[in-house]
Colleague: 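Please find one structure pasted underneath; my questions will follow.
Below, read A as the first sequence line, B as the second, and so on, with proteins coming before strands; counting in each chain starts at 1. Hydrogens, waters and symmetry mates play no part in the numbers below; they use all other heavy atoms, side chains included.
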2 protein chains.
Amino acid sequence: MVSIISVAKAAGVSNKTVSRVINGEPYVTEETRERVEKAIRDLGYIPNMAARLIRSSRSNTFGIITDYVSTTPYSVDIVRGIQDWANANGKTILMANTGGSIEREAEVWKMFQSHRIDGVLYVTMYRRTVDPEAGDVQIPTVMINCRSQTNELLPSIEPDDYQGAQDLTRYLLDKGHRKIGYIRLNPILQGAELRLEAFLKTTREFGLTEGDLAIKLGMEGPVGSENNYVFAAATEMLMQKDRPTAIMSGNDEMAIQIYIAALSLGLRIPEDISIVGFDDFRTVSMALKPELTTAALPYYDLGLTGAERLNTLLQGNKSDRPQWVLPCKLIERGSVSPPACS
Amino acid sequence: MVSIISVAKAAGVSNKTVSRVINGEPYVTEETRERVEKAIRDLGYIPNMAARLIRSSRSNTFGIITDYVSTTPYSVDIVRGIQDWANANGKTILMANTGGSIEREAEVWKMFQSHRIDGVLYVTMYRRTVDPEAGDVQIPTVMINCRSQTNELLPSIEPDDYQGAQDLTRYLLDKGHRKIGYIRLNPILQGAELRLEAFLKTTREFGLTEGDLAIKLGMEGPVGSENNYVFAAATEMLMQKDRPTAIMSGNDEMAIQIYIAALSLGLRIPEDISIVGFDDFRTVSMALKPELTTAALPYYDLGLTGAERLNTLLQGNKSDRPQWVLPCKLIERGSVSPPACS
DNA sequence: CAGCGACATGACAACGTCGACATATTTTTC
DNA sequence: GAAAAATATGTCGACGTTGTCATGTCGCTG
């Protein structure tokens, strides 16, 4: 492999001068710089990060540790956000996923340390509280899409499920809906509770009573092997004589089944029944016809902001409040119209 | 940071002996080994990969270079397959995605080289031919889900779209369907052509004529911003008086729209119209009701096999034929039944 | 018991890079 | 025009690890 020394020889300078050129240090004549750069190009020299790291003990590398993220379609955008930030800022990304195993997680931390990683981004597939082994490890860490159960001070970034659900609910109310159904996400998920809470609070503030709402559980059980009641719940909800004019779905994926249930009953969307989702999982929300109105989980931004925050942290700047929350933007598409006869 | 030297001091041996223990080399007394291991535990020593690499010039790291994979839900399983293999075999994964940009791709290759990566896995989101810059780079590379346009000898691994579509077609024929519709994938995608070809050939072999088939284009245009005709195509196909009894969908995602089109026309699935997808994109195929019968793209295996093959390659073993193909398994669910009146 | 081989350990250099410091050259300052 | 400052370049060692070779200690063979 061509090293800094071969370049130095080729350019007729000392290796230190080459080092200066590479790192853009001052005190190099323009002429020397050009000669060195030419030698670099001619020889195809590429700096050896390992050697650099060994000297400077800054790896310029972030580690991403995930549970199932790279496994699942949902939150891949978090990773994309992180990578984009890393590219733009000359950082390298080391990625590992645990598949949920504690032993594996311990291994990953070890692996990260053996690579002398500067910091860690701890990412989970769905929003939840976790208890990372970070406690006994002193690598700076930012939690993305989750927060620590044990250490409240660990910086975290999460989507604002509450605000998203609030916006969606208001949107339906503004459109004139007064009888609204809600098909709940798996209550295991942290987002589920927040979204439901926002829905209940917002409708109540608006003056709706419990009789105006129809709430059903759509899924339950351990993530990955949950029981799915969505279709049945939606069908039942829509067969009531006093059926809701709009249904809020726990997420976009569940909305598929609500669509199918509605259509199977001969209802038209949105004329007879309005539907909104959550997440803006575009493979679904844009594949549905009419396309689904939903609230976008800010996954990409979660990743981007997380990486940026980790960097800030590494530079010694402490942030005021540890737990951040990013808004979910309402995406208006075609699945909502005013109720038929209001 | 605690180094091998501190361990050596603590254990009262030379650093070379510690190195022997770490690497499981012979010629160390059991007693010495234990003393060293204790020191390692006590001090929490973790080997420095960078230093190791600089000596041995084997990084034990694979690079994954992707176009949009980490961006899109579809093929994330490829990455998971690679990672699982890497975990099991003590390799580290460096991941970067180009977002389709050539300049970015060049940067990534450079970055990989600067980390002295052992080999590269070149992964694309959808099956296609590419022209990687690998030509001027001498890092061993395995192509996953794609193949090189220019270099036929570059090892590649792809799903067997042809066989998958053939199996699906036969499945429908075996169920008794004799009038079959096909809604085509974006013809830009390499899989599109193969699937259609398999469909046509298989139906022809079975004795169906052109009049028994209804073929329509579902999508077209550049990936990411294509025109979507699926709903219209399906609706039109199903409104013919001599409508097909089964529809093959270019992929699972498109099947959503076919479901909606069918249901909107008052048709029941599968009693009035059978539907099959392709890909087994489970977020969709299992969310649809009835669940979708489809052919599973072997993404996970693509990744696993790819990593394994790269490793074999690195050990100097050349494989006989460069281009491999992995079967797509038929996944039978509830969206197909025999035609109503045959 | 000299000689040999197997085993156990250590000393030291080298990998590629950069920081600290030294030296040489030019420019500025008074 | 001599001293001081700024600029340009080089020497050398250190980072943490492992490969090479040397050394030392056994036990065994003939």
Side-chain angles (χ1 to χ4, degrees), chain A residues 1-40 43-61 90 92 110-118, chain B residues 1-40 43-61 90 92 110-118:
Chain A
M1 203 75 210
V2 33
S3 81
I4 208 170
I5 298 176
S6 9
V7 176
K9 266 189 200 133
V13 296
S14 76
N15 43 6
K16 180 63 213 189
T17 300
V18 177
S19 172
R20 285 202 182 86
V21 172
I22 296 167
N23 297 294
E25 286 172 32
Y27 303 141
V28 182
T29 337
E30 194 50 39
E31 189 251 324
T32 311
R33 184 179 303 276
E34 270 163 26
R35 220 167 58 241
V36 170
E37 275 167 356
K38 181 171 183 323
I40 290 178
L43 273 64
Y45 164 75
I46 293 180
N48 185 329
M49 286 304 178
R52 190 172 282 180
L53 162 59
I54 222 186
R55 278 294 303 146
S56 57
S57 65
R58 268 298 276 255
S59 61
N60 269 310
T61 302
T92 306
K110 210 164 227 173
M111 188 267 275
F112 280 176
Q113 286 186 287
S114 77
H115 284 276
R116 301 297 189 265
I117 279 202
D118 293 334
Chain B
M1 201 77 210
V2 33
S3 81
I4 208 170
I5 298 176
S6 9
V7 175
K9 268 193 197 127
V13 295
S14 76
N15 42 7
K16 179 64 211 188
T17 301
V18 178
S19 171
R20 285 199 183 88
V21 172
I22 296 168
N23 297 293
E25 286 173 31
Y27 303 140
V28 182
T29 338
E30 194 49 40
E31 189 252 322
T32 311
R33 183 180 304 276
E34 270 164 23
R35 219 168 58 243
V36 171
E37 274 167 355
K38 182 169 182 321
I40 289 177
L43 274 65
Y45 165 74
I46 293 179
N48 185 327
M49 287 303 178
R52 188 173 282 178
L53 162 60
I54 221 185
R55 280 292 305 153
S56 58
S57 63
R58 268 297 277 254
S59 61
N60 270 311
T61 302
T92 307
K110 211 164 226 171
M111 188 266 275
F112 280 176
Q113 287 186 286
S114 78
H115 284 277
R116 303 298 189 264
I117 280 203
D118 293 335

Colleague: Rounded to the nearest 0.5 Å, how far does OG of A:Ser59 lie from CE of B:Met49?
Modeller: 13.0 Å
Colleague: Classify every nucleotide of nucleotides 12-18 of chain C by which part a protein heavy atom approaches to under 4.0 Å, writing B for the base, S for the sugar-phosphate alone and - for neither, in 5'-to-3' order.
Modeller: --BBBBB
Colleague: Measuring only between side-chain heavy atoms, which start at C-beta, is A:Arg116 closer than 4.5 Å to A:Leu53?
Modeller: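 They are in side-chain contact.
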Colleague: Using the C1' atoms of five pairs at each end, what's the angle between the two axes of the helix from C:dC1-D:dG30 to C:dC30-D:dG1, to 10 degrees?
Modeller: 50°
Colleague: In whole Å, what is the span from the CD atom of A:Glu31 to the C1' atom of C:dT25?
Modeller: 15 Å
Colleague: On DNA chain D, which is the earliest and which the latest nucleotide, 5' to 3', with an atom closer than 4.0 Å to a heavy atom of chain A?
Modeller: D:dT7 to D:dG16
Colleague: Quick check: closest heavy atoms across B:Ile22 and B:Arg52, and the distance to 0.1 Å?
Modeller: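 Shortest heavy-atom separation between B:Ile22 and B:Arg52 comes out as CG2-NH2, 3.5 Å.
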Colleague: Nearest 0.5 Å, please: how far is CG in A:Asn15 from CZ in A:Arg20?
Modeller: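 The CZ atom of A:Arg20 sits 10.0 Å away from the CG atom of A:Asn15.
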Colleague: How long is the gap from CD on A:Glu34 to CD on A:Glu30, to the nearest 0.5 Å?
Modeller: 5.0 Å
Colleague: Is B:Thr17 near enough to C:dG10 that one of its side-chain N or O atoms lies under 4.0 angstrom from OP1 or OP2?
Modeller: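 So the side-chain polar atoms of B:Thr17 do come within 4.0 Å of the phosphate oxygens OP1 or OP2 of C:dG10, strictly under.
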Colleague: Taking all non-hydrogen atoms of both residues, which atom of A:Glu25 and which atom of A:Arg33 are closest, and how far apart?
Modeller: O-NH2, 3.4 Å
Colleague: If we ignore angles and hydrogens, is there a donor and acceptor under 3.5 Å between the side chains of B:His115 and A:Thr92?
Modeller: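 Present: a donor and an acceptor within the cut-off.
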Colleague: Donor-acceptor pairs under 3.5 Å, side chain of residues 2-13 of chain B to any protein atom, not counting sequence neighbours: which ones?
Modeller:
| unit_1 | atom_1 | unit_2 | atom_2 | d |
| --- | --- | --- | --- | --- |
| B:Ser3 | OG | B:Ile5 | N | 3.1 |
| B:Ser6 | OG | B:Ser3 | N | 2.9 |
| B:Ser6 | OG | B:Ser3 | O | 2.9 |

Colleague: How many angstroms lie between atom CG of B:Asn48 and atom CD of A:Gln113, to the nearest 0.5 angstrom?
Modeller: 11.5 Å
Colleague: Applying side-chain hydrogen bond (donor to acceptor under 3.5 Å, both in side chains), name anything that partners B:Arg35, two or more places apart in sequence or on another chain.
Modeller: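 Once residues adjacent in sequence are excluded, the partners of B:Arg35 under the side-chain hydrogen bond (donor to acceptor under 3.5 Å, both in side chains) criterion are B:Glu31.
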Colleague: Tabulated below should be each protein N or O lying under 3.5 Å from an N or O of nucleotides 6-8 of chain C; please produce it.
Modeller:
| unit_1 | atom_1 | unit_2 | atom_2 | d |
| --- | --- | --- | --- | --- |
| C:dA8 | O3' | B:Thr29 | OG1 | 2.9 |

